[in-house]
Amino acid sequence: MSDVPGPAAGLTRLDHVGIACRDLDASIAFYRRTYGFEVEHEEVNEEQGVREAMLRVNGTDDGGATYLQLLEPTRPDSPVAKFLDRNGEGVHHIAFGTHGVADSAGAVGAAGVRVLDAEPRRGTHGSRIVFLHPKDCGGVLTELVESCGQAD
Ligand code: CMX
Ligand code: CO
């Protein structure tokens, strides 16, 4: 173990696991009938090129929750469409929650990980999100998310 302290990234929960699917309604039906998870929120995010549903799994001790984020592409040049072409359906990214996404991104960036968004973008339900390059995260596309109304 290294003695060097880690970055003060301020991450407080696993916010969601993003899952790429070809048919959002079929995927929702699978998670409902198999596990009993219910959709808490559904939307189209044109900037990200997705139609998506958030299925709540559990609450977290920072006052937030952990979700599955089911993602169906809305256009062929979107990140999720490219992922499906290459890999088929499956886990696309993980997302950590924070109370301050800009500060967290700064800390993670200072640790040597490429932050893909210079400014936070709009994520699910008005949240603020940035993505980290999967090649700097052991092959895992990673998102940092600050829920709407959560900023300090
Ligand atoms: N997980 C792990 N690796 C991934 C990946 C993913 N989801 N997507 C792409 N990669 C890898 C590819 O396998 C490829 O690796 P190799 O060079 O070894 O073959 C490399 O990254 C480049 O892949 P690409 O298909 O050419 O894709 P791009 O470089 O054009 O884009 C990325 C990759 C991560 C920069 C882009 O997908 C991105 O900006 N993603 C963030 C936005 C996003 O995913 N939005 C949808 C979700 C929205 C939400 O959660 O709200
Ligand atoms: Co996400």
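Predicted model, so just to flag it, every value in this text is computed and none were measured. First listed ligand is number 1; within each ligand, the first listed atom is number 1. Values reported hereafter were calculated over all heavy atoms of this structure, with side chains retained and with hydrogens, waters and symmetry mates removed.
Counting the atoms of ligand 1 from 1 in the order shown, those under 4.0 Å from a heavy atom of P134 are 2 (C), 3 (N), 4 (C), 34 (C).
Ligand 1 does not have G123 within reach: every non-hydrogen atom of the residue lies 4.0 Å or more from it.
At a cut-off of 3.5 Å, with distance as the only test, no side-chain donor of H125 or E40 sits close to an acceptor on the other residue. Between the side chains of R128 and T98, not a single donor N or O lies within less than 3.5 Å of an accepting N or O. Side-chain contact check for H41 and E52: no donor-acceptor pair (N or O, by modelled atom type) lies under 3.5 Å.
At the shortest separation from atom 12 (C) of ligand 1 among protein heavy atoms lies R86 NH1, 3.5 Å. Here the heavy atom of the protein found nearest to atom 7 (N) of ligand 1 is H92 O, 2.9 Å. Of the protein's non-hydrogen atoms, the one nearest atom 27 (O) of ligand 1 is K82 NZ, 3.6 Å. G139 O, 3.1 Å is the protein heavy atom nearest to atom 2 (C) of ligand 1. Of the protein's non-hydrogen atoms, the one nearest atom 8 (N) of ligand 1 is F83 CD1, 4.3 Å. Closest to atom 35 (C) of ligand 1, if we only count protein heavy atoms, is L116 CD1, 3.8 Å.
For a distance bound of 2.8 Å, the N, O or S atoms of T124 include none lying that close to the Co ion (ligand 2). With a cut-off of 2.8 Å, the Co ion (ligand 2) has no N, O or S atom of E52 in range.
When atom types are taken as modelled, the side chain of T60 and the backbone of A65 share a donor-acceptor pair closer than 3.5 angstrom. At distances below 3.5 Å, not a single donor-acceptor pair connects side-chain atoms of T34 with backbone N or O atoms of Y31. E72 places a side-chain N or O within 3.5 Å of a backbone atom of L24 that can act as its donor or acceptor partner. Listed for the D117 side chain is a donor-acceptor partner under 3.5 Å among the backbone atoms of F131. Judged by distance alone, the side chain of E146 and the main-chain N or O of V101 form a donor-acceptor pair under 3.5 Å. Side chain of E89 to backbone of R22: a donor-acceptor contact under 3.5 angstrom is found.
For atom 32 (C) of ligand 1, no protein non-hydrogen atom is found at a distance below 4.0 Å. For atom 22 (C) of ligand 1, the protein comes within 4.0 Å by no heavy atom at all. There is no protein heavy atom closer than 4.0 angstrom to atom 29 (O) of ligand 1. In this structure, atom 37 (O) of ligand 1 has a protein heavy-atom contact shorter than 4.0 Å. Within a 4.0 Å radius of atom 41 (C) of ligand 1, the protein contributes at least one heavy atom.
At a 4.0 Å heavy-atom cut-off, ligand 1 touches Q69 through the side chain alone.
Remark: among candidates H93, E47, Q48, the nearest residue to atom 50 (O) of ligand 1 is H93, based on non-hydrogen atoms.
The existence of a salt bridge linking D23 and R51 is excluded, since no basic side-chain nitrogen approaches an acidic carboxylate oxygen closer than 4.0 Å. Salt-bridge annotation for R32 and E38: present, with a side-chain N of the basic residue lying under 4.0 Å from a carboxylate O of the acidic one. Look at R122 and E46 and you find no salt bridge, because none of the NZ, NE, NH1 or NH2 atoms lies under 4.0 Å from a carboxylate O.
Considering backbone and side-chain atoms together, E143 places an N or O closer than 3.5 Å to an N or O of ligand 1. For ligand 1, the polar-atom distance check finds no N/O of T124 at less than 3.5 Å from any of the ligand's N/O atoms. Residue K135 has at least one nitrogen or oxygen atom sitting less than 3.5 Å from a nitrogen or oxygen atom of ligand 1, judged on distance alone.
Among the heteroatoms counted here (N, O or S) of E143, OE1 is the one nearest to the Co ion (ligand 2). Counting just the N/O/S atoms of H93, the one with the shortest distance to the Co ion (ligand 2) is named NE2.
Here CG of N58 is found 4.0 Å from OG1 of T66. Values are rounded to the nearest 0.5 Å.
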